[in-house]
Amino acid sequence: MIIYKSLIEKYKKYLTVSNKTPIISLNEGNTPLIFAKNLSEKLGFNGEVYLKFEGMNPTGSFKDRGMTMAVSKAIENGSKAIICASTGNTSASASAYAAKAQIRCIVLIPKGKIAVGKLSQAVMHGAEVLEIDGNFDDALYIVRELSNKYPLTLVNSINPYRIEGQKTAAYEICENLGQAPDYQFMPVGNAGNITAYWKGYKDYNKMESSKYYLPKMMGFQASGAAPIVEGHIIKKPETIATAIRIGNPTSWKTAEEVRDDSKGVIDKVTDEEILKAYKIVAATEGIFCEPASAVSIAGFIKYIKQDYFKNSNSIKVVCILTGHGLKDPDIAIAKATSIIKVKSNINEITKTIGF
Ligand SMILES: *Cc1c(COP(=O)(O)O)cnc(C)c1O
């Protein structure tokens, strides 16, 4: 019997860990790559579309892949406390891994913009949560300063171990498909994840076999928070996709390199397009992702509409669904429901449902 333990265990040979590294794991990784036949049909796309559902990680987002590495290395290096700025998922993940490692976790969040599911995780795992009267970029500046001055390990994606852990998602896709996809669609916030995936695909080609190829990396920002697309810092980023509500991305430069090296794009989609994609993927594939994740689908739809793929017959597309929809139920209720109010009466209900 083979029991999956952790991505560090599985991908040891690709990661900077040794036998001395204590593995702090919640069995992250090994997430499903789901063939999305209904979605392809709905969109009129003739190629193969797959959804990498990263919401199936232990705390409900891909952040766990990076956090298992960041926290394991922090413990190896004797750290007793970690710190991060977060739009939500980083804090949810950091606090869970800190709980597992039994160390302090300090979290700075922007005022009033954290999805309730994410905040409840940080609180339950015992993080020390500080809400600042500023945005994510302000919070990140402060935690960078604090981690430079005090014995606090920064676990935002500036931490190189985060990127290292996150690149394992690309290995899994190569294993599942037997090759890299032709195109990978994904959201871009701080741009750590697009950096990580590209690294992963390049690694796999080098270490395993060049038969895996390299995908075109298609990254998307929300139009109210699209500094890379606009070419300048956005002072007051706004979008319903709170996980990518970032005006000054940490990995801005590398995101541009990934775009150019892979012959892909960094583009933007509107909140309206995001909400539409959010509903389509839930209704066609039975997968509930958070709004920031639906950015992948929104970008894909945008490019289908632009006739970008010309002949899509033999094309393989992977859309990364970065986080679980249950993280942000308020948006679903507010933006996507059509609840019908009826009396508790069998005749009225029978009529309403059309029998
Ligand atoms: C963090 C996050 C992103 C953005 O990833 P970056 O590495 O910051 O570009 C997208 N979606 C979700 C759900 C996230 O938690």
Side-chain angles (χ1 to χ4, degrees), residues 28 31 51-67 70 84-94 96 109-110 113-115 117-119 121-122 136-137 139-140 155-160 162-167 169-170 184-200 217-222 225-229 237 239-256 258-259 266 268-269 274 277-278 281 287-299 319-328 331:
E28 57 293 310
T31 58
L51 308 173
K52 178 74 169 160
F53 192 22
E54 288 290 281
M56 295 301 279
N57 275 297
T59 78
S61 85
F62 74 84
K63 299 294 198 295
D64 295 345
R65 292 182 185 274
M67 210 54 76
C84 66
S86 179
T87 61
N89 281 332
T90 299
S91 64
S93 186
I109 58 172
K113 298 287 182 181
I114 300 288
K118 303 175 186 181
L119 190 55
Q121 290 176 288
F136 172 81
D137 302 295
L140 186 60
V155 295
N156 282 103
S157 58
I158 304 149
N159 182 321
R162 281 275 311 276
I163 306 290
E164 245 200 286
Q166 285 168 212
K167 73 185 178 180
Q184 173 166 309
F185 286 77
M186 64 188 302
V188 173
N190 256 317
N193 210 28
I194 195 166
T195 302
Y197 268 98
W198 184 239
K199 234 180 177 171
M217 301 293 285
M218 314 291 281
F220 289 83
Q221 303 194 294
I228 301 176
V229 181
T239 168
I240 47 136
T242 52
I244 55 167
R245 192 170 163 271
I246 287 163
N248 186 12
T250 308
S251 301
W252 188 325
K253 281 276 151 323
T254 44
E256 290 177 339
V258 170
R259 175 196 63 198
I266 307 260
K268 59 183 178 179
V269 285
I274 296 168
Y278 175 61
V281 69
I287 298 174
F288 188 22
C289 67
E290 68 171 279
S293 309
V295 164
S296 306
I297 308 292
C319 297
I320 311 299
L321 302 181
T322 46
H324 204 290
L326 290 173
K327 294 268 191 176
D328 204 350
I331 295 235

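Reckoned from all heavy atoms, side chains included, excluding hydrogens, waters and symmetry mates. All ligand and atom numbering here is 1-based and tracks the order in the structure.
In terms of polar-atom proximity, defined here as any N/O pair under 3.5 Å, Gln166 makes no such contact with ligand 1. Between Ala191 and ligand 1, an N or O atom pair is found at a separation short of 3.5 Å. Considering backbone and side-chain atoms together, Pro187 places no N or O closer than 3.5 Å to any N or O of ligand 1. At least one N or O atom of Thr322, backbone or side chain, sits closer than 3.5 Å to an N or O atom of ligand 1. Among the atoms of Lys63, some N or O lies under 3.5 angstrom from an N or O of ligand 1. Taking any N or O of Ile244, backbone or side chain, none lies under 3.5 Å from an N or O belonging to ligand 1.
Protein heavy atom closest to atom 5 (O) of ligand 1, with residue, atom name and distance, is Phe62 CZ, 3.4 Å. Protein heavy atom in closest approach to atom 8 (O) of ligand 1: Asn190 N, 2.8 Å. Nearest protein neighbour of atom 7 (O) of ligand 1, counting heavy atoms only, is Asn193 N, 2.8 Å.
In terms of heavy atoms, Thr87 sits closest to Phe136 at CG2-CD1, 3.7 Å. Nearest approach of Ala196 to Gln166, heavy atoms of both residues: CB-CB, 3.6 Å. Across all their heavy atoms, Cys84 and Ala94 have their closest contact at SG-CB, 4.1 Å.
Remark: Ile114 CD1 to Gln121 CD distance equals 11.5 Å, nearest 0.5 Å.
Using modelled atom types, one side-chain atom of Asn190 and one backbone atom of Thr250 make a donor-acceptor pair closer than 3.5 Å. Side chain of Ser93 to main chain of Thr90: no donor-acceptor pair is present (N/O by atom type, distance under 3.5 Å, no hydrogens or angles). In this structure, Asp137 contributes its side chain and Gly247 its backbone to a donor-acceptor pair below 3.5 Å. For Ser296 (side chain) and Ile320 (main-chain N/O), a donor-acceptor pair under 3.5 Å exists by modelled atom type.
Using a 4.0 Å cut-off between heavy atoms, Val188 contacts ligand 1 through its backbone alone, with no side-chain atom that close.
Relative ring orientation between Tyr278 and Phe288 is described as tilted, the plane-to-plane angle lying within the 30° to 60° band.
Of all the atoms in ligand 1, the ones that sit under 4.0 Å from a non-hydrogen atom of Gly192 are 6 (P), 7 (O), 9 (O). Within the listing of ligand 1, atoms 13 (C) sit less than 4.0 angstrom from a heavy atom of Gly323. For ligand 1 and Ala292, the ligand atoms under 4.0 Å from any heavy atom of the residue are 11 (N). The atoms of ligand 1 that sit less than 4.0 Å from any heavy atom of Glu290 are 13 (C).
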